[in-house]
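Residue indices begin at 1 and follow the sequence shown.
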Amino acid sequence: MEKQVHSIWAQFNGLLPVILGYVSQFLLALLVLFIGWKLINTVTRAMGRMMEASHIEPTLRGFLLSVVGLFLKALLFISVASMVGIATTSFVAVLGAAGLAVGMALQGSLANFAGGVLILLFRPFKVGDSITAGGSSGTVTSIEMFRTVLIDTSNEVIYVPNGTLSNNVVVNSSQSERILGSVSLLIDYQDDLDKARSLLLGLTEGDSLILKTPAPSVSFAPKPANIQVTLGFWCAPGNVTPLVGKYSEAAIKILQREGYRLGVTARTAT
């Protein structure tokens, strides 16, 4: 009996340094985890203040802070796991392979996400701007991470992938202080051009929404069977659509009343 007690005690004495070593490693790992977690939170808060001072979009700011925080915390957990003796090499390899597989499967979505980051970072347009891109035109109502939402003149909602917007030409009508509106009509070669010019310019007189400089103008261009007469005027971007509609109707009515034989098209140009 006495020999068995001595044997157990000897085994315990042999294991005691190992146990103390594991306990000390575990406590040290917990301390590193606590301090690292606090440090990461401090770093992300500081980055948030710097981004806010740099006027980075709130959507992009929140996303970047989340990504940075998750990345740093993942590194922290891997470091803590290695401190307590957990093999992390295979774990990291599995994570890398999984990330590659997910990236290949979602490459279209990732392209839209990258486009959203670029849009929020470089700001080619903002909410409230009128844009034309990817075959769609409308007013921007929201910029999300994967898509941008537009509302067109028919009040239809258009969802445009951010990848399309970042890789194609975007016409932003709202960034200019003024925009050219024009109304084009087709008149006969026998019609009086000078009179047409006078009639069309008279329509715009006294309209406070039309800029005086540059002044409204009327131009003529020959066509195979007609002459194209164009009334051009400069105005604020938000006024161009209603003014084009207004003067399209007014031009048709006044020229028809004066006996002109015409067809009509209307457009806007920047």
Going only through I, L, V, M, F, W and Y residues with side-chain contacts under 4.5 Å, is there a path from [X] to [Y]?
X	Y	value
V43	W37	yes
M50	F71	no
L33	L70	no

Practice prompt. For L243 and D207, run side chain to side chain contact (heavy atoms under 4.5 Å, CB included): C-alpha distance rounded to whole Å, both residues' side-chain angles, the deciding distance at 0.1 Å, then the answer.
Written response: CA-CA 10 Å; L243 286 177; D207 193 331; 3.8 Å; yes

Shortest non-hydrogen contact between [X] and [Y], atoms and distance:
X	Y	result
V244	S248	O-OG, 2.6 Å
P237	S176	CG-O, 3.1 Å
V170	A133	CG2-CB, 3.7 Å
G128	T139	O-CG2, 3.7 Å
D129	N172	OD2-ND2, 3.0 Å
F220	L193	CZ-O, 3.3 Å

Got [X] and [Y] here, is their nearest side-chain heavy-atom distance under 4.5 Å?
X	Y	answer
F125	I143	yes
I187	N226	no
P216	I210	yes
V149	V157	yes
K73	N41	yes
R261	Q190	yes
I227	K223	no
T230	Q228	yes

Discussion item. One pair to check against side chain to side chain contact (heavy atoms under 4.5 Å, CB included): L199 and E258. What are the steps and the verdict?
Written reply: CA-CA 9 Å; L199 291 171; E258 294 297 325; 3.5 Å; yes

Worksheet item: Between F146 and Y159, does a side chain to side chain contact (heavy atoms under 4.5 Å, CB included) hold up when you go through it step by step?
Response: CA-CA 10 Å; F146 293 94; Y159 298 96; over 6 Å; no

Practice prompt. Mind running side chain to side chain contact (heavy atoms under 4.5 Å, CB included) on V127 and T141 for me, showing each step along the way?
Written response: CA-CA 5 Å; V127 173; T141 59; 5.6 Å; no

To the nearest 0.5 Å, what is the distance between [atom1] ([X]) and [atom2] ([Y])?
X	Y	atom1	atom2	answer
Q175	S130	CD	OG	11.5 Å
I158	L150	CD1	CG	5.5 Å
S166	I119	OG	CD1	6.0 Å
F233	R178	CZ	CZ	14.5 Å
K126	S174	NZ	OG	7.0 Å
L201	T204	CG	OG1	5.5 Å

Worksheet item: Got more than 12 heavy atoms from elsewhere within 6.0 Å of CZ, F34?
Response: no

Any sub-3.5 Å donor-acceptor pair from [X]'s side-chain atoms to [Y]'s backbone N or O?
X	Y	value
Y260	A196	yes
E144	G116	no
T44	I40	yes
T42	K38	yes
D191	D188	yes

Item to complete: Mind running side-chain hydrogen bond (donor to acceptor under 3.5 Å, both in side chains) on T148 and N162 for me, showing each step along the way?
Response: CA-CA 6 Å; T148 294; N162 287 333; 2.7 Å; yes

Worksheet item: In a check of side-chain contact (heavy atoms from CB on, under 4.5 Å) between C235 and each of L180, L209, V240, which one passes?
Response: V240

